[in-house]
Amino acid sequence: MQPICGNMELISQIRTATSQALMALYQHELSAADILVNETKPEFEGDYTVVLFSFVKPLKKSPEALGNQLGQALLEANPGLFTAFNVIKGFLNLTIANGYWLDFLHREHDNQAFGRRPRMGKKVMIEYSSPNTNKPLHLGHLRNNFLGWSIAEIYKANGYDIVKTCIANDRGIHICKSMIAWQLFAGGATPESTGIKGDHLVGDYYVLFGAELKKQVAELVASGMTQETAEKEAPIMKAAQQMLVDWEAGQPEVIALWKKMNSWVYAGFDATYRRIGSDFDKVYYESNTYLLGKELVEQGLQKGVFEKEADGSIWIDLTADGLDRKIVQRKDGTAVYMTQDIGLAVRKNDEYHSDLSVYVVGDEQNYHFKVLKLICQKLGLPSADGIFHLSYGMVELPTGRMKTREGTVVDADDILDEMVTEAERKTREQGKTDGFTLDELEELYETIGLGGLKFFLLRVDPKKRMVFNPEESIDLHGYTATFVQYAYARIRSILRKEGDAIAGTVTGGLLPLEKALTSTLERFPAVLDQACQEMSPSVVASYAFDLAKTYNSFYAEHSVGNAETPDKKILRLQIARMTATVLRTALNLLGIRVPERM
RNA sequence: GGUCCCGUAGUUCAAUGGAUAGAAUAGAAGUUUCCUAAACUUUAGAUGCAGGUUCGAUUCCUGCCGGGACCA
């Protein structure tokens, strides 16, 4: 049986105590994990509630009688933990002892690492961002980057060793389209000669390719060709396809151009990554993994995992697993996406042997990753079972999906600039920045602007599609990073005045808001655990907002600096200090910084 | 055609099968001699439809309606 220990989280202690009491009272065996414990709803007396229904039936007792016996037993067995209980219908409401909260604050108020767990030697790989090198990043990439980075941090906080990776989709027909258009129309333009950020410059030629293709197709259709044939026969399309063949053949001029244009794109991406704080421990390049993928397909063919059609294309039959047949190599021998993903999975396994390999990729690829995992399992890849597709929903506009062709794509760099500008405008409006240096102001605008965007994109459950309305831009009031940052800045202001002499031991009771805050703080480690299990930064965002909101109510109601008694002052300083620490940790896990003043 | 996902206040989001479905925003009404009003307080407003399982369903099952994605 699991012992109750002092620094175990409260909710776990209640579960364990309940499990023990059930055994002592009725010889009823129920594991702590199966006992439902919630926070007590505010309209009832108590702090935590044990939901009794699940064991009412096997014990053949009325909920009231069971609740009263259990409550009594819990009180007697854990006098330091519970002081009172009441039973309403099937709910046993427990009141936590005052001393428990005071001990907790005394023990943890100065713990800068509160909520973080020690390393335990398990390795998690998280692949995210994964851009194509033919155009700049957009809002959807930002959701991806923020999610991947944040989930890595959340795993780290829960004691895992993290490897952040990125696969650059640096080869294929899409790159060739940009290259052809650049050859045709650029007249040698470079990022240096134009002053345009490299990823945008290359993206511009990708767009030009599309425009030129459309024009050529229209001409061919006008001369009697079908739309479908025209798209294949258009000279610019044929040129792009020829270029892909030349690339695969290693033709020096094509390779040189490819390297040059990709280097422009990487320089552009790096600038954006630096600004948003995305970083990677290891970057893979598709151009390096697709050949390995083809080898593995060949091996799989020998093993009988794959089968070859008469036309030479290679397939896997997954009908027995409830899926379809899926192509893994084209009839001309070229690689499909799946081919290189197999190569990448094997390479990751060889290099890192991670216990879990997370792919942060949009939900349009759900089927693809189901197939990838199955293929890896059938190929006998040791880490295949650890493959997990973290599937997130698209970011949509009120009018629907962002579409390149309709020019409705929200560019990443643009939206970052807009957010920071908006942060600057609002900050000036507030007029509270006396004594800030120019650098400090600059930093504050970035902190608020980027924080706002990150919070906005992370506060929604990753699995769900979300809507972004560029007209309304992003609010800096309500459920936002700004709200949390503001609470933090107000606490820091108090702590600057009052200093750090807050280590004293406190006696006496807690007012409702003092207790609510302490209780919320106590939940933080459990919240981080939940966020990790659900791979959802939104859990952390929601918690941070909840804590900041409770603190703001507390702040409006009670004075810290002019507390009624010296004991109250120490108590409130401990609460304030710990609230600041937890708010900072929570926002940092979302990639959001906190300002000392704002 | 097949597979999968999603429908909650005007809007954007919550709710491991549990108590009277929470927030935010927009709306209405208030709060500045006192630690930062980017704040606080009060107020009104929602589970697509029809069945089923259950002591109890936003949650699980079936059908329908509506939206989306993927596979050819």
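Note on naming: letters A, B, ... go to the chains in the order of the sequence lines (proteins, then strands), and numbering restarts at 1 for each one.
In this structure, rG66(B) forms a base pair with rC6(B), meeting either the Watson-Crick or the G-U wobble geometry with both donor-acceptor distances under 3.5 Å. Using N1 to N3 plus N6-O4 or O6-N4 for Watson-Crick, or N1-O2 and O6-N3 for G-U wobble, each under 3.5 Å, rA39(B) pairs with rU31(B). rA44(B) makes up no base pair with any nucleotide shown, lacking Watson-Crick or G-U wobble contacts both under 3.5 Å. Of the nucleotides present, rU11(B) is the one that pairs with rA24(B) by Watson-Crick or G-U wobble criteria, both distances under 3.5 Å. Pair assignment for rC55(B) gives rG18(B), based on Watson-Crick or G-U wobble hydrogen-bonding distances that are each under 3.5 Å. Look at rG1(B): its Watson-Crick or wobble partner, with both distances under 3.5 angstrom, is rC71(B).
Note on Ser542(A): nothing from the nucleic acid sits closer than 4.0 angstrom, heavy atoms only. Base engagement by Ile448(A) is indicated by at least one non-hydrogen atom pair under 4.0 Å involving a base atom. Using a 4.0 Å heavy-atom distance criterion, Val460(A) is classed as a sugar-phosphate-only contact. Residue Gln430(A) is in base contact, counting any heavy-atom pair closer than 4.0 Å across all strands shown. Tyr555(A) comes within 4.0 angstrom of a nucleotide base, judged by non-hydrogen atoms across all strands. At a threshold of 4.0 angstrom between heavy atoms, the contacts of Gly561(A) include nucleobase atoms, whether or not backbone atoms are also involved. Using a 4.0 Å heavy-atom criterion, one finds that Met394(A) contacts no nucleic acid atom at all. Within 4.0 Å of Thr427(A), counting heavy atoms only, lies at least one base atom of the nucleic acid. Asn93(A) comes within 4.0 angstrom of a nucleotide base, judged by non-hydrogen atoms across all strands.
Here the separation of rU59(B) from rG22(B), taken at their C1' atoms, is 15 Å to the nearest Å.
The side chain of Tyr367(A) places no N or O atom within less than 4.0 Å of a non-bridging phosphate oxygen (OP1 or OP2) of rC70(B). The side chain of Lys549(A) places no N or O atom within less than 4.0 Å of a non-bridging phosphate oxygen (OP1 or OP2) of rA39(B). Side-chain N/O atoms of Lys464(A) include one lying less than 4.0 angstrom from OP1 or OP2 on rA14(B). The side chain of Thr49(A) places no N or O atom within less than 4.0 Å of a non-bridging phosphate oxygen (OP1 or OP2) of rG18(B). The phosphate of rA37(B) (OP1 or OP2) has a side-chain N or O of Arg490(A) nearer than 4.0 angstrom. Within the 4.0 Å cut-off from OP1 or OP2 of rC55(B), at least one side-chain nitrogen or oxygen of Lys57(A) is found. In terms of phosphate contacts, His368(A) brings no side-chain nitrogen or oxygen within less than 4.0 Å of OP1 or OP2 of rC70(B).
Among rA19(B), rC13(B), rC4(B), the nucleotide with an atom closest to any side-chain atom of Lys370(A) is rC4(B). Of the listed nucleotides (rU25(B), rU41(B), rA37(B)), rU25(B) has the atom at the smallest distance from the side chain of His477(A). Distances were taken from every side-chain heavy atom of Ser493(A) (C-beta onward) to each of rC71(B), rU25(B), rU36(B); the shortest belongs to rU36(B). With rG67(B), rG18(B), rA14(B) as the candidates, the nucleotide lying closest to the side chain of Arg465(A) is rG67(B). Nearest nucleotide to the Asn552(A) side chain, out of rC40(B), rA19(B), rA14(B): rC40(B). With rC71(B), rA39(B), rA38(B) as the choices, the nucleotide that has an atom nearest any side-chain atom of Thr482(A) turns out to be rA38(B). Proximity note for Ala489(A) (side chain, C-beta onward) versus rU36(B), rA38(B), rC71(B): the nearest is rU36(B). Taking every side-chain heavy atom of Arg597(A) into account, rU36(B) is the closest of rU36(B), rC71(B), rA14(B). Residue Val560(A) has its side chain nearest to rC35(B) when only rA38(B), rC35(B), rA19(B) are considered.
Counting only N and O atoms by type, the side chains of Asp341(A) and His368(A) include a donor and acceptor under 3.5 Å apart. Between the side chains of Glu64(A) and Asn68(A), no donor-acceptor pair is found at a separation under 3.5 Å. With no hydrogens or angles considered, a side-chain donor-acceptor pair links Thr49(A) and Asn93(A) at under 3.5 Å. In this structure, a donor-acceptor pair under 3.5 Å is absent between the side chains of Gln530(A) and Tyr543(A).
At most 12 heavy atoms of other shown residues, nucleotides or ligands fall within 6.0 angstrom of atom CD in Glu45(A). Residue Glu43(A) places its CD atom among more than 12 non-hydrogen atoms of other residues, nucleotides or ligands, all under 6.0 Å distant.
Aromatic stacking of Phe44(A) on rA19(B): satisfied, with centres closer than 5.5 Å and planes within an angle under 30 degrees. Judged by centroid separation below 5.5 Å and plane tilt below 30°, Phe53(A) stacks onto the base of rG18(B). By the stacking rule of 5.5 Å between ring centres and under 30° between planes, Phe91(A) stacks on the base of rA19(B).
To the nearest 0.5 angstrom, Asn132(A) atom CG is 4.5 Å from Asn169(A) atom CG. Atom NZ of Lys463(A) and atom OG of Ser391(A) lie 9.0 Å apart (nearest 0.5 Å).
Residues Thr433(A) and Arg401(A) both approach RNA chain B. Their nearest nucleotides, taken by heavy-atom distance, put Thr433(A) toward the 5′ side. Mapping Lys41(A) and Lys432(A) onto RNA chain B by nearest heavy atom places Lys41(A) closer to the 5' end of the strand.
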